[in-house]
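Because the structure is predicted, anything quoted here is derived from the model rather than measured. Start at 1 and go down the list; that is how both ligands and their atoms are numbered.
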Amino acid sequence: MTGRAPFAADPATSRGREFPADDTVTRGPRGPYQRDRDRIIHSISFRRLRHKTQVFIAPDGDHYRVRLTHSLEVAQIGRVIARSLGLDEDLTEALCLAHDIGHPPFGHAGEDALDAAMEPYGGFDHNAHCLRTLMRLESPYCEFDGLNLTWELLEGLAKHNGPVSAPNWALAELDAAFPLDLREWSCLEAQVAALADDIAYDNHDIDDGLRAGFLDLDELLQLDFVAEQWRGVERRFPRAARERQLRELVRGQIGLMVNDLIGETRERAQGMASVAQVRGASRPTAAFSGPLAEAERQLKRFMYEKLYYHPEQLATAEKAREVTATLFAAYHADPALMGEGWAGRLDEAEPARSRHIADYIAGMTDRFAIAAYARITGITPEGLSNV
Ligand SMILES: Nc1nc2c(ncn2[C@H]2C[C@H](O)[C@@H](COP(=O)(O)OP(=O)(O)OP(=O)(O)O)O2)c(=O)[nH]1
């Protein structure tokens, strides 16, 4: 097993939690990042990921990914990379498990609708909402709001897509309360978690897209990267059933991307003596090699064209946007529809009022949102689930 690298985040020197008294409570032998991971796993927003869209809205098929199974796959990939590079595995795992907690129902379609509804009040962004959920909306403790996670976990989530120069209102508000050095790179554990996210969905979306019949193997083979892997599969397993060959293809691609990432990152981190150097670097330290980065960009372009923006997917997305927008308008007109708890905590002054309604909707699972829409309008939305 690789020892701790000098550029790894070290739980012994964690910058601590927003509400520090919490750290004086000892609960068993767990370190701070282990406690972060455990708090995430036990949270309500983590459990809700099981009914939140990854690519397909409220899938009927049991084998399609949802945000929960995606997050578990990301965590598996992230841990492998972290261990190999000598990074903190607990922190990496916690970041992977938490990274999608801010997604509203219906994935990107729900997010677009909420962003439009919230436009006069600073918009809506799933990444900032992840922080808002973990720092303010989760409420398992009597003494403070949120899960009171470590600084390293929160900075890693805030910088999931790299340094942030223009935080939206939600992130700016949280950063003012617990400054996260948004303009620097995150620790390497978070950079690895972000790329583990890409490796997971690039590959499982191929698997799900083929299963659903939206993707076609012959078309996929126009991509050199996929074609090369496929030739290897056919050479090694010429007589295997097609379904098993496809599983081998996806497995092989994940392995190749993981190994490429480890190799390139190890090279970039060579000579780094601290996590401060990772944060202050002029470029990301975790990265794919040049050729693989280009192949991955091509794969993403292909997936947008053939799967994410497939006409049938665009049609379901349009319905999902309508459901989300209708819910927002209905709660705005009659907050009592949110139920006593949420309506009771409503601050009538804007922008707090709209933000509270957006928080309520963003916390919904796909099926909860569909049921709420049916209750309010008397109409059960048709054609949202297409697999
Ligand atoms: N159906 C559908 N799925 C999409 C669309 N855009 C992205 N996806 C899927 C593809 C992946 O499984 C996943 C990637 O989006 P995420 O929100 O997880 O990551 P993204 O890189 O967009 O943002 P993030 O890294 O979380 O800040 O969502 C879309 O427009 N429609």
May I ask you to list the atoms of ligand 1 that are less than 4.0 angstrom from any heavy atom of [X]?
X	answer
H160	24 (P), 25 (O), 26 (O), 27 (O)
Y304	6 (N), 7 (C)
Q313	1 (N)
D205	10 (C), 11 (C), 12 (O)

### Task
Evaluate the ring planes of Y331 and Y360, with Trp represented by its six-membered ring, and classify them as parallel (under 30°), tilted (30 to 60°) or perpendicular (over 60°).
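Perpendicular.
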### Task
Could you label the plane-to-plane angle of the H356 and W342 rings as parallel, tilted or perpendicular, counting under 30° as parallel and over 60° as perpendicular?
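Tilted: the ring planes of H356 and W342 meet at 30° to 60°.
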### Query
Are F56 and ligand 1 in contact, using a heavy-atom cut-off of under 4.0 Å?
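No, F56 has no heavy atoms under 4.0 Å from ligand 1.
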Ligand 1 versus [X], non-hydrogen atoms closer than 4.0 Å: side chain, backbone, both, neither?
X	answer
H99	neither
H70	neither
H103	side chain
L307	neither
R67	side chain

### Task
Report the C-alpha distance between D359 and R132 in whole Å, list the side-chain angles of each, state the deciding distance to 0.1 Å, and finish with yes or no for salt bridge (Lys or Arg N to Asp or Glu O under 4.0 Å).
CA-CA 9 Å; D359 287 341; R132 186 166 164 83; 2.7 Å; yes
### Query
When the ring centroid of F56 is compared with that of F214, is the distance short of 6.0 Å?
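Close enough - the centres of the two rings lie under 6.0 Å apart.
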### Task
Keeping the roles fixed (side chain from Q34, backbone from G31), state whether a donor-acceptor pair exists under 3.5 Å.
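Checking the backbone N and O of G31 against the side chain of Q34, a donor-acceptor pair under 3.5 Å is found.
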### Message
Is it the case that the side chain of R67 and the backbone of T53 share a donor-acceptor pair, with hydrogens and angles ignored and the cut-off at 3.5 Å?
### Response
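At least one qualifying donor-acceptor pair exists.
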### Message
Against the six-membered ring of W169, is R355 placed for a cation-pi contact (under 6.0 Å from the centre, within 45° of the normal)?
### Response
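Output yes; distance and angle both within limits.
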### Task
Consider every N or O of N161 and every N or O of ligand 1, then say whether any pair is closer than 3.5 Å.
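There is such a contact, yes.
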### Query
Do Y309 and ligand 1 have an N or O pair less than 3.5 Å apart?
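Y309 vs ligand 1: no N/O contact under 3.5 Å.
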### Message
Do the side chains of K306 and D205 get close enough for a salt bridge, i.e. N-O under 4.0 angstrom?
### Response
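The answer is no: the pair does not qualify as a salt bridge.
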### Task
Report yes or no: do T133 and E138 form a side-chain donor-acceptor pair below 3.5 Å?
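T133 vs E138: no donor-acceptor pair found between side chains.
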### Query
Any chance the side chains of E18 and N148 put a donor and an acceptor closer than 3.5 Å?
no
For [atom], which protein heavy atom lies nearest, and how many Å away is it?
atom	answer
atom 24 (P) of ligand 1	H126 NE2, 3.4 Å
atom 21 (O) of ligand 1	Y201 OH, 3.3 Å
atom 1 (N) of ligand 1	V55 O, 3.0 Å

### Query
With respect to atom 15 (O) of ligand 1, which of Q54, E111, H108 exhibits the smallest heavy-atom separation?
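Selected option, by shortest heavy-atom distance: H108.
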